[in-house]
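To find a chain, count down the sequence lines: A is the first, B the second, and so on, and within it residues start at 1.
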2 protein chains.
Amino acid sequence: MEPNRRRILDLLRVRDRTVGEIAEHFSLSQPAISKHLRVLREAGLVEVHKHAQQHRYHLRAEPLAEVDHWLEPYRQFWSEKLDALEQYLDEEE
Amino acid sequence: MEPNRRRILDLLRVRDRTVGEIAEHFSLSQPAISKHLRVLREAGLVEVHKHAQQHRYHLRAEPLAEVDHWLEPYRQFWSEKLDALEQYLDEEE
DNA sequence: ATTTTATTTTACCGTTTGGTTATATAACTT
DNA sequence: AAGTTATATAACCAAACGGTAAAATAAAAT
């Protein structure tokens, strides 16, 4: 995923935020942030609640579960390496 | 990640494969596969071992651990939902 | 030596991406 | 009503992307 978008999600993980609050954390223009938020919205990763002019964005992490599931069978690959290391260290002593 | 690339990794998870073997599973041209393999190679996700003309590709899943770690703090978001569902179901009986 | 097989690289092309500035929209403030 | 504030959309652009077909490379087979 695009790194700026990942950072936006990281911010929303802490708490809901308005567009302006998000934009403060970047050196991008506000419209650039709005564009990223649109992409995230269309991916179902955030939702908006409008209070007057302020649009407050909220994290909806569920779609990430898909990535998590894809990753699932790969996890053994790096845990195998760790196991091998552990075993090696055990044999060392 | 690009879906074809994800599929290539899925194939390599099962066993090492040559370029031709991989290409069989796609309706893309063989050079297209080579290009994807190059991207994966540069990302450290695969490595090649050359036996004569055959280039055999091998999965190196470690860089995926980075994604896995990024995902880590998000997991609670969907497990929270599951917990809420469980609780609801418990109260039902 | 020539041809065949396996793969990569190059040159090209249309589409998508991530950014910008300028403009539009909408609600609050004065 | 006029101005300000918050956000979104439009128009534009260069770079990256994902594909192709054609050419280059390299080893094996004949």
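- Using a cut-off of 4.0 Å between Lys/Arg side-chain N and Asp/Glu carboxylate O, B:Glu2 and B:Arg6 are scored as not salt-bridged.
- Remark: B:Leu28, B:Ser29, B:Pro31, B:Ala32, B:Lys35, B:His36 in residues 26-48 of chain B come within less than 4.0 Å of DNA chain D through at least one heavy atom.
- What separates CD of B:Glu21 from P of C:dA6 is a distance of 10 Å, to the nearest Å.
- Using modelled atom types, one finds no donor on one side chain facing an acceptor on the other under 3.5 Å when comparing A:Arg56 with A:His49.
- Not counting sequence neighbours, B:Arg41 has no partner by the salt bridge (Lys or Arg N to Asp or Glu O under 4.0 Å) test.
- Each of B:Leu11, B:Leu12, B:Ile8 was evaluated against B:Tyr57; a single residue qualifies, B:Leu12, per the side chain to side chain contact (heavy atoms under 4.5 Å, CB included) test.
- Not one N or O on the side chain of A:His55 forms a donor-acceptor pair closer than 3.5 Å with the backbone of A:His51.
- With sequence neighbours left out, B:Asp16 forms a salt bridge (Lys or Arg N to Asp or Glu O under 4.0 Å) with no residue at all.
- Remark: A:Arg13 is not positioned above the aromatic ring of B:Phe77, lacking an NZ or CZ atom under 6.0 angstrom from the ring centre and at most 45 degrees off the axis.
- One interatomic measurement links the two molecules: CD of B:Gln54 to P of D:dA27, which rounds to 14 Å at whole-angstrom precision.
- Axis angle, first five pairs versus last five pairs of the helix from C:dA1-D:dT30 to C:dT30-D:dA1: 0°, rounded to 10°.
- Scanning residues 1-17 of chain B for heavy-atom distances under 4.0 Å to DNA chain C yields an empty list.
- For the pair B:Leu9/B:Val46, a side-chain contact is recorded, criterion being any heavy-atom separation below 4.5 Å from C-beta on.
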Distances under 3.5 Å between nitrogen or oxygen atoms of protein and nucleotides 27-30 of chain C:
unit_1 : atom_1 : unit_2  : atom_2 : d
C:dC28 : O4'    : A:Gln53 : NE2    : 3.4

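- Under 4.0 Å is where a charged nitrogen must lie from a carboxylate oxygen, and between A:Arg75 and A:Asp68 at least one such pair does.
- Ring centroid separation for the pair B:Trp70 and B:Tyr74 comes in under the 6.0 Å cut-off.
- Within the structure, a side-chain polar atom (N or O) of A:Tyr57 is placed less than 4.0 Å from OP1 or OP2 of D:dA8.
- Contact detail for B:Pro63 and B:Ala43: the closest heavy-atom pair is CG-O, 3.7 Å.
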message = Could you go through B:Leu59 and B:Glu47, starting from their C-alpha distance and side-chain angles, then the distance that decides it, and tell me whether this counts as side chain to side chain contact (heavy atoms under 4.5 Å, CB included)?
response = CA-CA 7 Å; B:Leu59 176 67; B:Glu47 63 186 23; over 6 Å; no
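- The line from CG of A:Leu28 to OG of A:Ser34 is 11.5 Å long, rounded to the nearest 0.5 Å.
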